[in-house]
Amino acid sequence: MSQTAIPPFHGNISFNAQHSPMGAFFSFTCGQFGSRGGFGLQIGKPGNQNLYIGVKDGDRFSDAPLKCLPFYEGAESDEAVRFDVEKKGNKKKSPLVAYGRDEITRHFGWATDHWITKDFEFAIYTSFGPINERKRTSSDELRLQLIPAVFAELIVDNSTGASPKTAVFAIGFSVSGVRLLDAESTWLTRKGFAFRREYGALGQLIDPAKGGDSEEREESVAAELQTGFRWSAEESVKMEATHLLGSCPALTFTVPAGERRVLKLALGGYVDGVQTTRLEGRYAYARHFGGLEDVLSSALEQCSSKEWCLRAMDNSLLSSGLSPDQQFMIAHATRSYYGSTQLLDVGGQPYWIVNEGEYCMINTLDLSVDHVFWELKQNPWVVKNLLDNFVRHYSYVDQVKDPITGKLSEGGISFAHDQGVHNNFSPFGHSSYELPNLNALCFSYMTAEQLCNWILIAASYVAKTKDLEWAKHNEHVIDACLHSLVNRTNERGFPAYDSSRCGPGGAEITTYDSLDHSLAQTRNNLYMVVKTWAAYRGLALLYEKMGHQHEYHAAATDMAERIEKELPTRAGADGVFPAVFEKENSGYTSRILPACEGLMYPLYWGTLTPSPFVDALKKHTVKLLSDGQNVFPDGGIKLSSTSNNSWMSKIAIFMHVCRKVFKLDEDPAVRDLFAKADAAHVRWQTEGDSAYWACSDQFVNGVAKGSKYYPRIITSALWMEE
């Protein structure tokens, strides 16, 4: 896999990326210069290890400095040492130096993250694809799909060298409990190290020039791969005797002059037993692997067989016709999405989870509604799994509260914001997030929006899969959703009430909880009006698919048509809508781009047709883009005219609607504006705090401030849709 068609990354190459298997809540994170990374298991953030990946002249015992990729704390300061060492007459040599930025190229594809120096290459490969439901799949297939590991290669080509070079892959741990894997193992050709039973690395050395079958090639150079174990990478390379009190295990090998070697690596994790509370879940992969050693050994055996798949994934993105900036965003987001995923076995049944990045909230429903497009493309069954688990465990029935009189009346079914946090399922019917008596502030209830979200996910699932059996089985839930939504809207179809769960002094918020007044309040909010319209259209679609043209289909259609009729009348003379339809509200003067977000769902279902309603939203959007209110000085997209807080996942949906519904990219001015925005968004991800956090969603003036290590940016994969 050493050859790559992926061009060098065109921006700042010093940024972390996750490298994550599917459903394991595990990542190997690296890439930012001068920072730690490595193994992160069930933590929602980068690991805390120094990575030493590099070479030195001579054999392992030589006094030459070890020169590494700068993936360790203090590495960037080592660049100054490197230049100091090279000064004439300076006899002091640092035992460890880092490559400078000008000595490294990075090739960042959909499956491949590849660093190249003049001395060696290092690549990490991350594959993804279908995960079949267990009841329909053999154990061997599931071992292949669920293996909690990623692959890597350290390639040293010394074919033109006049003297040997020694290569190292070492990790400096900050906690005790590290062990070598070769001492008690029966492996003949493999060596590695691990942290307890939880995660580790296993390597196998290959001489590509040797003939024979793969086993013969591996055995011919097996003795060249050595382990070391001391307190620093330099000591672990040079010291032949290991010390079990060490903290920096190493795999090292010497490449003779005129030869080439490839160290194949498996980087994996494994945890057994119950991992969650209330609903007791074990990792699904634990049914198919006996432990960490089994995972790592199996991963190495898969390396060669997966090469064609990895190349195909890279080539698929390269040939998509998208710009390099757009391709980067998709590749970065895909890795981050899978780093937050868990596939558990709960009571013998699969349970799909996407954790909310750094916050580690379980199945946050207002993220799930945005993940749905990717999940229905990759694994439709996980969407059904999510819908069923929300109905079974995290639905509730409330009343609705008049915001003026406080009078309570019939509400209906809705769904919790999330299902828990940090592997702890919350009490059934409740989230970890929501609190009463907050007046449209962070942590208030999102009852109306979560109701819309479940409906939109359900409609998308049925539209995509045509699973009418599921729809008919859940017809009573769909009916309850219609009644509940009608009870939350006024005669015009606009959201008009708050949930009784908000308490006497509380009001509901939207998913845009950390933005300002323009997107906080649910009632009479432009964004929520269009999303509610989409939910009514989704209910009508579900009834139509089930063959029910009865009163409920008519009721859903009627409510959608009321919104279609009313909304265009609320635009100002310039065609722009206020963010909140209450003149006394400070959001009345705000202007928001997510007004059109709700169009995404009928677009996806294939039911969106031209109408004055769509035209009004297009006019609103064009005006905001043309007058500069919703564009940052660096060219990035600003979701609200009155907030400097913008979310990349929502920008991706907005841009997709603009291109596919409004056809705005046919206008050269808008096309240029979006190209500049794409470039700005790449800088947001690769510079500043986000460079460490490996894909962030929430940016204030282009600087990551929250929602880090986040899965929801997978919405950018919509851009690959025809």
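Scope of the values below: all heavy atoms of this structure, side chains included, with no hydrogens, waters or symmetry mates.
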Say whether [X] and [Y], considering side chains only, have a donor N or O and an acceptor N or O under 3.5 Å apart.
X      : Y      : value
Tyr337 : Glu375 : yes
Glu564 : Trp533 : yes
Tyr710 : Asn355 : no
Trp470 : Asp388 : yes
Asp314 : Thr112 : yes
Trp605 : Ser460 : yes
Ser518 : Asp516 : yes
Ser431 : Gln419 : no
Asp370 : Ser649 : no
Trp110 : Ser316 : no
Gln450 : Ser414 : no
Glu475 : His548 : yes

task: Using the ring of Tyr396 (Phe, Tyr or Trp, six-membered ring only), decide whether Arg501 places NZ or CZ under 6.0 Å from its centre and within 45 degrees of its axis.
output: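 Yes, a cation-pi geometry holds between Arg501 and Tyr396.
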- prompt: Quick one: is the NZ or CZ of Arg591 closer than 6.0 Å to the six-membered ring centre of Phe577, and within 45° of its axis?
  reply: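 Ring-cation test returns no.
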task: Measure the acute angle between the ring planes of His417 and Tyr433, then classify it against the limits of 30° and 60° as parallel, tilted or perpendicular.
output: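 Parallel.
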query: Where does the angle between the aromatic ring planes of Trp684 and Phe699 fall among parallel (under 30°), tilted (30 to 60°) and perpendicular (over 60°)?
result: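 Trp684 and Phe699: tilted rings.
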message: Go through it in stages, so that I can follow the logic: the residues are Cys360 and Phe25, the test is side-chain contact (heavy atoms from CB on, under 4.5 Å), and I'd like the CA-CA distance, side-chain angles, deciding distance and then a yes or no.
response: CA-CA 10 Å; Cys360 293; Phe25 200 8; 3.8 Å; yes
Starting at [atom1] of [X], measure out to [atom2] of [Y] and round the result to the nearest 0.5 Å.
X      : Y      : atom1 : atom2 : result
Lys384 : Asn379 : NZ    : CG    : 12.5 Å
Asp418 : Phe390 : CG    : CZ    : 7.0 Å
Cys452 : Asp366 : SG    : CG    : 12.0 Å

Are [X] and [Y] an aromatic pair by the rule of ring centers under 6.0 Å?
X      : Y      : value
His483 : Tyr552 : yes
His371 : Trp374 : no
Tyr338 : Phe128 : yes
Tyr359 : Tyr709 : no

In plain terms, say whether [X] and [Y] are close enough for a salt bridge, that is, a side-chain N and a carboxylate O under 4.0 Å apart.
X      : Y      : answer
Glu566 : Arg570 : yes
Arg335 : Asp113 : no
Arg562 : Asp558 : yes
Lys650 : Glu597 : yes
Arg712 : Asp697 : yes
Arg523 : Glu508 : no
Lys472 : Asp467 : no

Close side-chain approach of [X] to [Y], heavy-atom, < 4.5 Å:
X      : Y      : value
Trp647 : Ile713 : no
Ile131 : Val382 : no
Phe415 : Cys481 : yes
Gln326 : Ser716 : no

message: A quick test of your reading: do over 12 heavy atoms of other residues, nucleotides or ligands sit less than 6.0 Å from NZ of Lys377?
response: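 Enclosed: over 12 neighbouring heavy atoms sit under 6.0 Å from NZ of Lys377.
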- prompt: What do you reckon, is CD of Glu491 surrounded by more than 12 foreign heavy atoms closer than 6.0 Å?
  reply: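 For Glu491, atom CD is crowded (more than 12 foreign heavy atoms under 6.0 Å).
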- prompt: Between Ile455 and Leu485, is a side-chain contact (heavy atoms from CB on, under 4.5 Å) present by the stated rule, with each step listed?
  reply: CA-CA 10 Å; Ile455 294 167; Leu485 192 58; 4.2 Å; yes
- prompt: Lys531 and side chain to side chain donor-acceptor pair (under 3.5 Å): which partner among Asn453, Thr510, Thr522, Asn525?
  reply: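 The residue from Asn453, Thr510, Thr522, Asn525 that satisfies side chain to side chain donor-acceptor pair (under 3.5 Å) with Lys531 turns out to be Asn453.
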Which atom pairs, donor and acceptor, lie under 3.5 Å between side-chain atoms of residues 672-680 and protein residues at least two apart or in another chain?
residue	atom	partner	partner atom	Å
Asp672	OD2	Lys676	NZ	3.3
Asp678	OD2	Arg659	NH2	3.4

